[in-house]
Amino acid sequence: MTFTRETDHGTPPAIVTGKTVCLTIDGQSVTMPEGTSIMRAASLMGGAIPKLCATDNVESFGSCRLCLVEVEGRNGYPASCTTPVAEGMVVRTQTERLKQLRRGVMELYISDHPLDCLTCAANGDCELQDQAGAVGLRDVRYGYDGATNMGQAKDQSNPYFDFDPSKCIVCSRCVRACEEVQGTFALTIENKGFDSKVSPSQGEDFLGSECVSCGACVQACPTASLIEKKVVETGTPDRAIVTTCAYCGVGCTFRAEMRGEELVRMVPWKEGKANRGHSCVKGRFAWGYAQHKDRILNPMIRASVDQPWREVSWEEAIAYTASEFRRIQAKYGTRSIGGITSSRCTNEETFLVQKLIRQGFGNNNVDTCARVCHSPTGYGLKTTFGTSAGTQDFDSVMQSDVIMVIGANPTDGHPVFASRMKKRLRQGAKLIVIDPRRTDLVKSPHVEAEHHLPLRPGTNVAMLTALAHVIVTEKLYDESFIRQRCDWDEFEDWADFVSESSRSPEAIEPLTGVKAEEVRAAARLYATGGNGAIYYGLGVTEHSQGSSTVMAIANLAMATGNVGREGVGVNPLRGQNNVQGACDMGSFPHEFSGYRHVSDTATRALFEQAWGVPLDPEPGLRIPNMLDAATDGTFKGIFIQGEDILQSDPNTHHVAAGLAAMECVVVQDLFLNETANYAHIFLPGSTFLEKDGTFTNAERRIQRVRKVMTPLNGYADWEIVQLVANALDLGWAYSHPSQIMDEIAALTPTFAGVHYDRLEEEGSLQWPANDTAPDGTPTMHIEGFVRGKGKFVVTDYVPTDEKTGPRFPLLLTTGRILSHYNVGAQTRRTDNVAWHPEDRLEIHSSDAENRGIKDGDWVTLRSRAGETTLRALITERVAPGVVYTTFHHPTTQANVITTDFSDWATNCPEYKVTAVQVGLSNGPSDWQQSYEAQAQRSRRIDVIEVAE
Amino acid sequence: MTQDSPMMSNQDRLIYMANQIARNFGTMDPARAADAVADHIASFWDPRMRAQIFELQGKGDVRLGPVAAAAITILRQSGAPPHQTQATEFNSVSGVGHSDAG
C-alpha cells in the first residue's frame with residue numbers, strides 16, 4: 001500500500017431517512033441522500049470544494065468561508081458545508097467570483113501564518129498548504145508587517161504531540177473533535193476576534209489539562225499547529241498499512257503510517273467498524289515499547305532460576321524446550337505439563353498453542369488469561385443464552401435509550417467505546433451506573449448518570465436480584481417476549497424467587513448500602529425506558545459469584561425483552577485485545593475451539609481426524625489448578641506465551657511457589673517479565689506490528705493484523721510455536737497465518753465462513769460467520785436464543801468468605817487506568833508513564849483522616865495474603881470503607897494483597913473484594929525489598945566474550 | 001481455613017471449591033443440587049483433582065457439606081450424571097453435528 005490520505009468528504013453522512021434528492025453540481029446530475037451537505041455531495045462525486053474548518057469526523061461549522069458555492073436562484077454564496085442538498089438544486093463550485101472570494105479568504109489566513117513551509121514538519125501533509133494551492137493564491141496583498149499571532153511559545157508538554165499556536169488558524173476543528181468525537185470538552189477557544197486562540201482547560205498546558213491525549217485534535221488539525229512529535233522528528237510517512245490495535249477489547253483499527261520500516265504514526269482508520277476513526281492515548285501513541293531497549297531479541301536458557309541467563313541459538317533453544325518437555329512427561333506422566341495461551345497474540349497463534357498442547361503434549365492443560373477476567377461471562381452467557389459472548393456490536397449503543405453500566409469503567413478501560421456511549425448520552429439516552437466508585441461516567445461534562453448505585457463490593461447478586469424484584473413485583477416484565485422466547489416455567493420459578501420480600505431493595509439495603517428508593521427508580525427506568533442495554537466489566541466477573549452475576553444480568557435482559565435487536569443486549573467489555581478470540585480458539589481446558597467440550601466424542605473425532613492423534617477426553621487444569629498441582633508435585637512444566645501470571649494473577653506468593661516448583665518454565669514474551677524470574681527458557685516474542693493474523697474484539701469482530709515491519713527477534717510468534725511443535729515431531733507446515741485460519745474455519749462451525757479473502761472483502765466479520773450468516777452476525781439472538789429457549793437461572797446471593805473485621809476493616813478493589821494496560825509491560829515502556837508513574841491507593845478522606853494519612857503519603861496496604869506499600873491518593877471517588885488501586889506496576893505488585901478466593905463456577909479470582917488495613921508506612925515492605933533483589937538477580941544475562 | 005489465614009492447602013482448596021459450588025446450587029432440592037455439583041465437577045475438574053477429592057472422602061474427611069459429599073459419592077459410584085445446564089451441555093441444540101454454543 002502506498003501513502004494516500006483517507007478521503008475527507010468534509011461533513012459526516014446524513015442521518016438515514018431513506019429519502020433521496022436529485023440535483024446538479026457543476027453540470028452533472030446526481031442523486032444524494034436527503035440531508036447530505038453540498039460539500040459532501042461534491043466530494044462523493046469526485047470533486048473537492050476548498051475547505052479548512054470542515055472535516056467529516058465532526059459536524060459542519062461554517063466558519064472558514066472557503067467552501068462557498070453558488071446556487072442558482074439563491075442570493076449570496078452559501079457555505080457548502082452547512083447547506084444541504086435540495087431537489088432540483090443547481091450548484092456551481094468554481095466561478096470567477098468564487099475564486100476571487102476564496103483567494104481573499106485565504107490571503108487573510110496566510111497573512112497571519114508563518115511561511116516556513118519548507119522546514120515545517122507538515123510540509124506536504126498540510127491542508128492549509130493544499131488549499132492555498134487549490135485557490136490559486138499567489139500573493140498576499142496585506143504584507144506581513146502588521147500585528148500577527150506568530151512567534152508564540154509552543155506547548156510541548158504532552159509527550160506525544162506539540163501545540164504551536166503560531167500555526168493555528170482557529171478553525172475549531174480540534175475543539176469540536178474533543179467535544180464531538182472524544183467527549184472530553186478539554187479544549188476551548190479563548191478570547192475573541194484577533195485574540196482568539198485554542199486553550200486546553202483554563203489556559204493550562206496540554207499535559208496539565210483535562211486532555212486525555214486521544215489524538216482526535218491532532219488528527220483534526222489542518223495545519224502543523226497540533227502535530228505528532230514523531231512526525232517532527234522523523235518526517236512525513238510514505239506508506240500506510242491498515243492493522244488492528246493490540247490494546248484492549250475495543251479493537252480499533254489504525255493506519256500504520258510508515259517511512260521505510262520505521263513507524264511514523266498510528267492514525268485511526270475511519271473505515272474501522274469498531275472505532276469509526278477514533279482512538280485513545282494507548283493505541284494512538286503508546287507503541288514505543290515495540291522498539292524499546294528492554295526487548296529481548298535472542299533466545300536464552302538456564303538450568304535453574306538462580307543462574308544467569310545464557311543466550312543461545314534458536315535451534316538450541318527450541319531443541320532444549322522440546323527435550324525438557326519430553327523428559328518431564330517421561331518421568332512424571334502425560335498430564336504433568338501444560339501451557340497458557342496469550343490474549344495479546346493473534347487468533348492463529350492462540351489456536352496453535354492450544355493445538356501444541358492437545359496434539360503435542362497429549363492433554364488439555366491449556367488455559368488463558370480469560371481465567372482471571374471474563375471466564376464467568378463464558379459460563380453465564382452460555383448457560384442462559386447459549387453463547388459465550390456479548391450480544392451486540394458497538395454501533396448498537398447509538399440506538400439505546402437506557403444504558404446500564406455495571407462494574408465497568410469504560411472511559412479508562414475501553415475509552416473509544418466510552419466516547420461513543422457518551423455521544424449517545426449527550427443525545428439524551430439515560431444512564432444507570434452500578435459501581436462502588438464514582439467513576440467518570442457518573443458525572444463528567446455533559447454526562448450525568450440518572451442513577452448511581454454505589455454498592456458495597458461483593459453484593460452484585462443481591463443488587464441485581466433486587467432490581468429483578470422490582471421488575472417482577474411491579475409487573476414491568478415483558479410477558480410476550482418471555483412466553484415466546486424463554487422457558488416460561490423457568491421464568492415462573494425465577495419470578496417466585498426474586499419476588500420474596502427478603503430480596504426487595506429495602507431488605508438488601510443494609511447489605512449493599514444503597515438506598516432502596518434509588519434501586520427501585522433504576523429498575524423502573526431500565527424496564528420502561530425504551531431500548532435497555534447493559535454493559536459490564538470485571539467488576540461483575542471478578543467476584544466469588546461472578547458467574548451468578550452474569551446470569552443475573554442475563555435474567556434482567558430477558559425479563560424486560562431487551563435481547564435480540566439493536567440498542568439492547570448484554571455486553572461484556574472484554575479486557576485484552578484478543579481475549580474474546582483466545583476463548584473462541586479453544587484456550588480453555590475443557591473446550592475445543594467454538595466452545596465444544598473435550599468429552600464430546602463427535603467433536604473430538606473431528607479434531608483427531610484433522611490432527612492425526614487420539615485426544616484426551618478429560619478436562620485439563622485451569623491456571624490456579626496448575627499452580628496447585630505444581631506445589632503438589634504433579635505438574636512440572638509450562639509453556640507461557642505472552643502472559644505475566646506472576647504480576648497479573650492473584651496471591652503472588654502462591655503463584656511464585658507454583659512456578660518455583662516446576663522443572664521447566666518456558667516464557668515467550670517481548671520482555672523479561674515478572675514470570676520470567678522463574679523461567680528456565682526464554683523465547684523472544686514479536687509485537688503486533690511484526691506479524692500477520694487476526695484479533696477478535698469484544699463485539700465478536702474478527703479483524704486483520706498486518707505485518708508492517710520485520711520481527712526484531714527474527715520470527716513471528718506463530719512461527720516460534722511451529723518450531724517447538726516440529727521439534728516435538730508434529731510435522732506442521734504452515735507458511736502463512738491464513739492457512740491456520742483455514743484450519744480454524746474447517747474445524748469451528750462459527751468460523752466456517754472466516755477466511756482471509758473474505759476479511760479483505762468485508763474489512764471484518766463478526767462471528768458466527770458461516771453458511772447461515774455469510775456476512776457475519778452483528779446482533780445475536782434475533783429470532784431466538786442460540787440455546788433454543790432463553791434460560792432463567794435462579795441466582796441466590798451467597799456472601800463472599802472474604803470478610804472485613806477489626807484487623808482488616810476496609811475493602812480493597814482493583815482496576816486499571818486510562819494510560820496503562822494490564823500489567824503495564826507495554827505501557828510502562830512508553831511515555832504514558834507521564835500520567836501514571838506509579839500505582840496509587842485511592843482512599844476516602846474520612847478513612848484517611850482516621851489514620852492520619854495525607855495525600856501523597858506512603859502507606860502500607862495489608863491483607864491476610866500479604867502487604868505492600870504505595871502512596872495514597874485522597875479522593876471522594878471511593879466511598880468510605882472502600883479503597884482502590886491499580887495493578888500496573890511490579891514495584892507495587894497489588895496482587896500480593898489479593899487472595900485465592902475465586903468464582904464458584906470458573907475460578908476467576910475475586911480481585912474486587914479483599915479485606916485490608918491501611919496505615920502510614922516507614923518504607924517498602926520486606927516482601928518488596930526481597931522481591932526486587934530476587935528480580936534483579938534473575939534478570940542477569942551472561943555476556944559471552946568474543947574470542948580474539 | 002481460619003479467617004486470619006487465607007492460604008489454604010491444596011486439599012483444603014478442593015474441599016472449599018466443592019462446598020462453594022454446592023452453596024451456589026443451594027436453592028435446588030438436595031438431590032438435584034448433588035447432581036448439578038457432580039456434573040459441574042465432572043465437566044470442569046481435571047482427573048487428578050477428582051481423584052484427590054475421592055481420596056479425601058474415602059478417608060472420611062468430614063469437611064464436605066452434605067450436598068458436596070453426595071455429589072462426590074455420585075461421581076465415585078456412578079460417574080458423571082446427565083448434564084444439568086447449558087454450560088456443561090453440548091451438542092443438544094442442533095441435534096445432529098455440533099451445537100457450537102460459542
Side-chain angles (χ1 to χ4, degrees), chain A residues 335 364-365 379-380 382-384 386-389 497 544-545 548 583-584 589-590 593-597 599-600 602-603 606 618-622 625 628-629 631-632 634 651 653-654 748-750 767 786-788 791 793-794 796 798 802-803 805 807 863-865 899-901 904-907, chain B residues 1-14 16-29 32-33 36-37 39-53 68 79-80 83-102:
Chain A
R335 291 183 176 136
N364 290 309
N365 291 330
Y379 183 91
K382 188 169 182 179
T383 301
T384 49
T387 59
S388 294
F497 170 80
S544 63
Q545 280 200 292
S548 303
C583 298
D584 301 340
H590 64 280
S593 60
Y595 305 97
R596 292 160 297 165
H597 201 278
S599 66
D600 178 52
T603 304
L606 188 69
E618 293 287 355
L621 294 164
R622 297 165 171 175
N625 309 143
D628 290 346
T631 56
D632 273 348
T634 64
N651 195 351
H653 295 304
H654 185 57
T748 315
T750 39
W767 65 257
V786 169
R787 75 179 300 276
K791 182 180 181 67
V793 177
V794 170
D796 196 14
V798 178
E802 178 70 0
K803 311 285 189 197
R807 287 184 60 208
S863 74
R864 296 179 184 98
T899 70
D900 48 11
F901 287 126
W904 67 271
T906 65
N907 286 134
Chain B
M1 187 196 72
T2 67
Q3 205 176 64
D4 286 343
S5 172
M7 299 298 290
M8 294 182 250
S9 73
N10 294 341
Q11 292 182 351
D12 290 344
R13 197 173 352 263
L14 288 176
Y16 180 85
M17 284 166 60
N19 284 334
Q20 189 188 16
I21 296 165
R23 277 192 293 165
N24 278 276
F25 288 118
T27 57
M28 293 179 180
D29 71 69
R32 262 192 74 205
V37 175
D39 174 32
H40 191 96
I41 288 173
S43 297
F44 299 115
W45 285 26
D46 156 271
R48 84 197 75 182
M49 295 163 68
R50 278 179 272 148
Q52 277 182 301
I53 205 160
H83 297 300
Q84 307 293 304
T85 73
Q86 194 67 25
T88 52
E89 196 173 336
F90 28 89
N91 279 3
S92 66
V93 175
S94 308
V96 181
H98 308 284
S99 73
D100 190 37

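All chains are named by letter (A, B, ...) in the order of the sequence lines, taking the proteins before the strands, and each is independently numbered beginning at 1.
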**Q.** More than 12 heavy atoms from other groups under 6.0 Å of CD on A:Glu618
**A.** yes
Q: Answer with side chain, backbone, both or neither: which region of A:Arg335 has an atom nearer than 4.5 Å to a non-hydrogen atom of chain B?
A: both
Q.
Using heavy-atom distances under 4.5 Å, tell me whether A:Ser548 contacts chain B through its side chain, its backbone, both, or neither.
A. side chain
Q | B:Gln11 versus chain A, the contacting section by heavy-atom distance below 4.5 Å | A | neither
Q.
Which residues pass the side-chain contact (heavy atoms from CB on, under 4.5 Å) test with A:Ala905, not counting sequence neighbours?
A. A:Tyr379, A:Ser547, A:Asp903, B:His40
Q. Closest approach of A:His654 and A:Thr631, non-hydrogen atoms and distance?
A. CE1-OG1, 4.4 Å
Q: Check each atom of A:Asn365 against the heavy atoms of chain B and say whether the ones under 4.5 Å are side chain, backbone, both or neither.
A: side chain
Q: Check each atom of A:Ser544 against the heavy atoms of chain B and say whether the ones under 4.5 Å are side chain, backbone, both or neither.
A: both
Q) Shortest non-hydrogen contact from A:Arg596 to A:Leu606? A) NH1-CD2, 3.9 Å
Q.
Counting C-beta onward and ignoring hydrogens, is there a side-chain heavy-atom pair between B:Met49 and A:Pro619 closer than 4.5 Å?
A. no
**Q.** Polar contact flag, side-chain donor to acceptor under 3.5 angstrom, A:Asp584-A:Thr750
**A.** no
Q | Under 4.5 Å from any heavy atom of chain A - which part of B:Ala42 | A | backbone
Q) Under a 4.5 Å heavy-atom cutoff, which of B:Ile21, B:Asn24, B:Leu14 has the most pairs with chain A? A) B:Asn24
Q.
Between B:Met17, B:Arg23, B:Gln20, B:Arg48, who has the most heavy-atom pairs with chain A when the cutoff is under 4.5 Å?
A. B:Arg48
**Q.** Most chain B-contacting option - heavy-atom pairs closer than 4.5 Å, from A:Asp632, A:Thr384, A:Asp796, A:Asn364
**A.** A:Asp632
Q: Tell me, out of A:Val798, A:Val793, A:Val794, A:Thr906, who's got the most heavy-atom pairs with chain B below 4.5 Å.
A: A:Val798
(Q) Tell me the closest heavy-atom pair linking B:Ala18 and B:Val37, and the distance in Å. (A) O-CG1, 4.4 Å
